[in-house]
Amino acid sequence: MCSAIDYFSVICYLLIFLLSNCSSIPLNQLSEHQFHPDVGLNISQLLKRHGYPFEGHTVVTEDGYILALHRVPHGINNKSEEVDKPVALLVHGLMSQSIDFLNNEPEHSLGFLLAEKGYDVWLINLRGNTHSRRHISLDPDTDKDKFWDFSWHDSGIYDLPATIDYILSHTGQSQLYYFGHSRGTTAFFVMASSLPEYNQKIKLMTALAPVVFMQNNIDPSKRLMADFLAGLKVTAKVLDIHELMPHSDSILTIVKTCCYEGSVCVKECEMYFEQSFGHAPTEFNMTLLPVYLSNTPAGFSVKDGFHYLQHFKNGGRFRQYDYGSSMNKVKYGQSIPPEYNLTNVVTPVALHYARKDKATGYKDVEHLAKILPNCIRLSLVPLEDFDHVNFIWSNHIKTLVYDEVFEDLKKY
Ligand SMILES: *[C@@H]1O[C@H](CO)[C@@H](O)[C@H](O)[C@H]1NC(C)=O
Ligand SMILES: *[C@@H]1O[C@H](CO)[C@@H](O)[C@H](O)[C@H]1NC(C)=O
Ligand SMILES: *[C@@H]1O[C@H](CO)[C@@H](O)[C@H](O)[C@H]1NC(C)=O
Ligand SMILES: *[C@@H]1O[C@H](CO)[C@@H](O)[C@H](O)[C@H]1NC(C)=O
C-alpha cells in the first residue's frame with residue numbers, strides 16, 4: 001500500500017498506524033464529525049465557495065512542460081476590473097501548489113488579501129506538481145527518468161520566464177509583483193541571476209522564508225540526509241524513485257480519519273504535519289489542518305530535494321546541480337558546478353524570515369541580505385516558534401508578516 005504513494009513519505013507511517021491501530025474506529029462516529037467546509041475542495045471549488053472568480057490558463061515551457069496557471073482576476077469586495085490593475089504572481093514552495101496561498105482563513109491568505117487590495121492575482125504551479133504533471137511528449141509515469149530529470153534550477157530557467165512572459169503579454173503590463181515562498185524564492189534567484197533581463201519585469205520581489213544558502217540549516221534530520229546524500233542517490237536509483245510525495249486521495253481519507261480534535265490518531269497527524277512541513281505548536285490550527293492537507297503535499301522531484309541537500313556541505317555556495325566532477329566537466333566544462341551570480345539580482349527584494357525555520361537557516365538568510373545588491377528589507381518574524389510553513393499557514397500571519405508586505409507594495 002505504501003509503494004502506491006511513495007517510499008520516503010511519512011504518510012506511510014500514518015497508513016501503517018491506521019491499518020494496525022485504527023480498525024476499531026467506529027465509522028458512524030467518523031462520518032458525524034463536522035469538518036470545515038473547505039475540506040476536500042480544489043482551488044476552483046474553494047474560490048467558488050468563497051464567492052471569488054477563477055480562471056485556468058496553460059503555459060508551455062521551452063523544454064515542453066505544460067504548466068497550469070491559476071488566476072483570481074478580482075476580489076469580492078473590490079470588483080475593480082480596470083485594465084491597468086497591478087499584477088501579482090504567487091510562487092509556491094516544495095510539495096506545494098497554487099491553492100496554498102488561498103486555504104488559510106481568507107483574512108490571513110495572501111491570495112485573497114491581494115485580490116481585495118485590487119491586484120490581479122496569478123498563482124503558478126511549478127513543473128511536477130498535481131496540476132503541472134504534464135509534458136508535450138514525456139509521460140510522468142512511463143518516462144519517469146526523463147520527465148523527472150529537473151530541479152528548481154529548471155523551474156527558474158524555464159517555468160518562471162515562460163509564466164512571467166505569458167502573464168505580461170496577457171495583461172498588457174510591463175512589470176509584475178513577485179511573491180515567493182520557500183522554493184518559489186530559490187527559483188526566483190536562479191532566474192534573476194541567470195537571465196538578468198527578467199529583473200526589469202519585476203517591480204518588487206517579496207521573499208517569504210527565502211532558501212538560497214544551506215550551510216546554517218538548523219534541522220538535524222535534514223543535515224543527516226545531507227550526510228548520507230550519496231547513499232540516498234543510490235537508493236533512489238535502485239528503487240527507480242523519481243517523484244516524491246505526490247498528491248493521493250488516500251491522504252484525504254487519512255486526514256479525515258486522523259486530523260481532527262478528538263480522533264484516536266490525532267497525535268500522529270500532528271507529528272506528520274510537523275515533520276513534513278515544520279509547524280509551530282502555537283500556530284497550529286487543528287480545524288484548518290484537514291483543509292491544508294486536502295491538496296498538499298502535491299509532489300516534487302527527487303532531484304529538487306538532492307539539489308537542496310548538496311548545498312548543506314558546499315562551503316556556503318549557491319550553485320547549479322552537482323553531477324560529480326567528471327559529469328560536471330561534460331555538462332558545464334568544469335569539475336565544480338557554476339555558481340549563480342547573485343550580483344545580477346538588481347530587482348528590489350524584501351526578505352521575511354524566522355529564527356527557528358527548519359527549512360532555511362536564519363544565518364543563511366542574513367548572509368543573503370548582505371550579498372543582494374538591492375535588498376530593501378530584512379524582517380525577522382517577531383514570534384519565537386514561527387516555522388517555515390507558517391509563512392502561508394498561520395492564524396496571525398497578516399499582522400506578523402503581510403502588513404509589512406503591503407507597506408512595501410505601496411512604495412514600489
Ligand atoms: C476541481 O474539481 C472539479 C470536480 O472534480 C473539476 O471539475 C475541476 O476541473 C477541478 N479544478 C481544477 C482547477 O483542477
Ligand atoms: C480596489 O482596487 C483598485 C484597483 O485595482 C485599487 O486602486 C483600490 O485601492 C482597491 N481598493 C481597496 C479598498 O483596496
Ligand atoms: C482556526 O480556524 C478556524 C476556521 O477558520 C477559526 O474559526 C478559528 O478561530 C481558528 N483558531 C484559532 C486559534 O485561531
Ligand atoms: C557577477 O555579475 C556582476 C554584475 O553583473 C559582474 O560584475 C561580475 O563580474 C560577475 N561575477 C562573476 C564571477 O561572473
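Values in this document were obtained by computation on a predicted structure and should not be read as measured data. Just the heavy atoms: all of them, side chains too, but no hydrogens, waters or symmetry mates, feed the values below. Counting starts at 1 for both ligands and their atoms, in listed order.
Here side-chain hydrogen bond (donor to acceptor under 3.5 Å, both in side chains) pairs that include residues 326-335, with residues two or more places apart or in two chains, are Asp322-Asn328.
Residue Leu288 approaches ligand 3 through these ligand atoms, each under 4.0 Å from one of its heavy atoms: 2 (O), 5 (O). Near Asn395, the atoms of ligand 3 lying under 4.0 angstrom from a non-hydrogen atom of the residue are 12 (C), 13 (C), 14 (O). Listed by number with element, the atoms of ligand 3 under 4.0 angstrom from any heavy atom of Glu105 are 5 (O), 6 (C).
Between Tyr177 and Tyr119, the two ring planes are perpendicular [angle over 60°; tilted spans 30° to 60°].
For Asn344, a nitrogen or oxygen atom sits less than 3.5 Å from a nitrogen or oxygen atom of ligand 4, counting backbone and side chain alike.
Contacts of Glu107 classified as salt bridge (charged side-chain N to carboxylate O under 4.0 Å, His left out), with partners at least two apart in sequence or in another chain: none. For Ile157, the side chain to side chain contact (heavy atoms under 4.5 Å, CB included) partners at least two apart in sequence or on another chain are His153, Val190, Ser194.
Salt-bridge check for Lys303 with Asp145: failed, with every basic side-chain N at 4.0 Å or more from each acidic carboxylate O.
The backbone N or O of Ala354 lies less than 3.5 Å from no partner atom in the side chain of Asp357, so there is not a single donor-acceptor pair.
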Name each N or O atom in ligand 1 that is under 3.5 Å from a protein N or O, and give the partner atom and the distance.
residue  : atom   : partner : partner atom : Å
ligand 1 : 2 (O)  : Asn42   : ND2          : 2.3
ligand 1 : 2 (O)  : Gln45   : NE2          : 3.4
ligand 1 : 11 (N) : Asn42   : ND2          : 3.0
ligand 1 : 11 (N) : Ser44   : OG           : 2.8

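Not less than 6.0 angstrom separates the ring centroid of Tyr158 from the ring centroid of Phe150.
The ring pair (Phe, Tyr, Trp, His ring centres under 6.0 Å) test with Trp393 is passed by exactly one of Phe386, Phe101, Tyr292: Tyr292.
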